[in-house]
S.K.: 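What follows is a structure written as structure tokens; I'll ask about it next.
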Amino acid sequence: MLTTSLAALLTACGTSETGSSGSSTQARQRGDLPLGTAQGVKPASCSNAKNVAGQVYRVEIPSRVDGESIVFQVFEPDTLNCVEKHALILEGHGYSGSRQTDKSGGQSPLSFGAPIGDLTKAGYAVISIDQRGHGESGGTVRVMDPAFEGQDLVAIVDWAEQHLDFLKYRDGNLLLGGIGGSYGGGYQMLLWETDPSQRMDAIVPEITWNDLPYSLNPGNVVKSYWALFLAGAGDALTQGRQDPFIRATLLDGVATGVFPADALPQFAAHSPAYFCGQGYSDMKGVTADGSSYVLAPLATNIPLTSGVFSISRSPLKRFQKVDALIFQGMRDHLFNFNEAYHNYQCLQRGGGDVRLLSYETGHGALSPDVGLVSQAVQIQALPLSRNCGSVDATAATLAWFNEKLLGKGNADSAIPSGKNVCLSLTQKDAVAVPQVTVGGTEFPVALPGGLPVPVTLAQLVPTIVPLTGVAEGTNVLAGIPRLKVKVGRGVEALDALCQKAQEPLLRLGSCDSTVFVGLGIITASASGKIPVVPELIDNQVMPLRGFGDFDVDMVGVAERIHAGDQLVLLVYGNSPTFIATSSRDLSTAIVTLSGTVKLPLLGDLPSLSPSASGGGLPIPGL
């Protein structure tokens, strides 16, 4: 009942190209899959060497893992060309969403990427997927488990190769792309990681994760807003098919303020960071009866699909080359810009053309973001756009596939930043930079006179630490700041008295403080007003838990600073994103900070002016 209520409140053909003749044999070797099309519809075929109109139909096949039904929608190209043939693009929905069944894309608001009708008109075949436990697909939602969702995805591509004879090949390999945002970006990374045939050629993941422990538990502080949202929406919109281990982990983290230790490696194994060599080296499964993990009291008795939650995996030893166009929201505080940056670094190791672009929206649109609304109203840019300056995400996606899968067109015409990174500053302003700057110009974190910064725990009103002003001209702050500070009571003898944390709720005397640090801006027009109300740049904070020394990346930000504006460090005792997981040691009311922060100040960079097209954004999936 609790999770359901939360969700209701919060949710809203002839000859082929070189090497293609062996494709059917290769597919059969992977294990035959039934045709499975509904209502007796058969896929269009090039067996009669005639161009025919494409069809749209539902397909249901059994999972090779456990026999559960896996359902997807096939959108054949508008007109079959049995000489040139057609590349295949997969489409995936957001968490708790479902597949698209209509070419207009209007059937599923939790979908991203170019409208399917645009893709089929351009000559692509598209398969829109109900991921495991979503829509009409059976089984339990495992959140991109390589042993479950990973194998289902491989089977879907195998089915396409077995039953669609109009698919396009290059050097004997299927030409395959992927689109989707959030969960729909996660499946693209998973298929790239797990497909033994390495068939992914071009992907466009949007607002997706790199490392789930970082996404949900940065600095060992649970993002309680998102934990409640995901637990609620995951149950309500999948008819209770969310894995109880996942639900229990999220609710337990909110209730106790601690992400269960057993869950960290499990969530890591469902993340690109693990496969990129950044994750855990030894994975151990959790039994289906939960013997190594006690379910939270609010968790219900919904059974796991079968076996273990996750299986032992090894990080990638060889990186498949893939061309990747990555989009991430600068204001996204579920999967922030840093996650896209780490995916960008990982995918580059394969040697493909990998580009990173940001826009202003993302999952923040599903939670209160006063700054985003204010920005949209000021520049009259509603609905929120998926533009990075002049780069429209939808147009860029089509251009990307045309170049990478079909070898025609020039993606740089739609992505003028070229090989550079595109960072969005506002909905109508962006800059191109050759690389993401981490760190930069150093400033002291201290009050006037060098005094430590006092912070009252649990307060939502920030302590303001002046950093620098811009005397003349403009400057661009864009990249990932670095923070190096010491947190404590300001007296080492008192800090040494910290006791071991008491579980699960009261930690009296444990020094279990939490502060949240972000960058703010006081505009020239607001600097003379009383009271001074700074804007939290991109609505991003980084939590610091406990006493001691911290040397961490803050969340990436991008902002244009004008003459007379002042940059400040904002230190909070609480944050809406972490609303239920702030400091719990009631014996510690005030802490101090002192140290330095390094800011990526890049100078006065020219703007990538916005395109005439709108690129409107549907409500994002999770």
S.K.: Identify whether the distance between the nearest side-chain nitrogen and carboxylate oxygen of Arg355 and Asp353 falls below 4.0 Å.
M.R.: yes
S.K.: Identify all side-chain donor-acceptor contacts of residues 476-488 below 3.5 Å with residues at least two apart in sequence or on another chain.
M.R.:
| residue | atom | partner | partner atom | Å |
| --- | --- | --- | --- | --- |
| Arg482 | NH1 | Asp553 | OD1 | 2.7 |
| Arg482 | NH2 | Asp551 | O | 3.3 |
| Arg482 | NH2 | Asp551 | OD1 | 2.4 |

S.K.: Please confirm whether Arg132 makes a cation-pi placement over Phe148, using NZ or CZ under 6.0 Å from the six-membered ring centre and within 45° of the ring normal.
M.R.: no
S.K.: Should the ring pair Phe229 and Trp226 be called parallel, tilted or perpendicular, given that the plane angle runs from 0 to 90° and is split at 30 and 60?
M.R.: tilted
S.K.: Mind listing the closest non-hydrogen atom pair of Leu570 and Gly520 along with its distance?
M.R.: CD1-CA, 3.7 Å
S.K.: Under 4.0 Å between a side-chain nitrogen and a carboxylate oxygen: does that hold for Asp235 and Arg241?
M.R.: no
S.K.: Hey, what do you get for CD (Glu442) to CG (Leu467), rounding to the nearest 0.5 Å?
M.R.: 11.5 Å
S.K.: Carefully, step by step, assess Asp538 and His333 under the rule side-chain contact (heavy atoms from CB on, under 4.5 Å).
M.R.: CA-CA 9 Å; Asp538 289 332; His333 42 78; over 6 Å; no
S.K.: Ring-plane angle category for Tyr95 and His134, please: parallel below 30°, perpendicular beyond 60°, tilted otherwise.
M.R.: perpendicular
S.K.: Test of understanding: with salt bridge (charged side-chain N to carboxylate O under 4.0 Å, His left out), list the residues that count as partners of Asp130, not counting sequence neighbours.
M.R.: Arg99
S.K.: Who are the salt bridge (charged side-chain N to carboxylate O under 4.0 Å, His left out) partners of Asp211, not counting sequence neighbours?
M.R.: none
S.K.: Would Tyr225 and Phe578 count as a close aromatic pair, with their ring centres under 6.0 Å?
M.R.: no
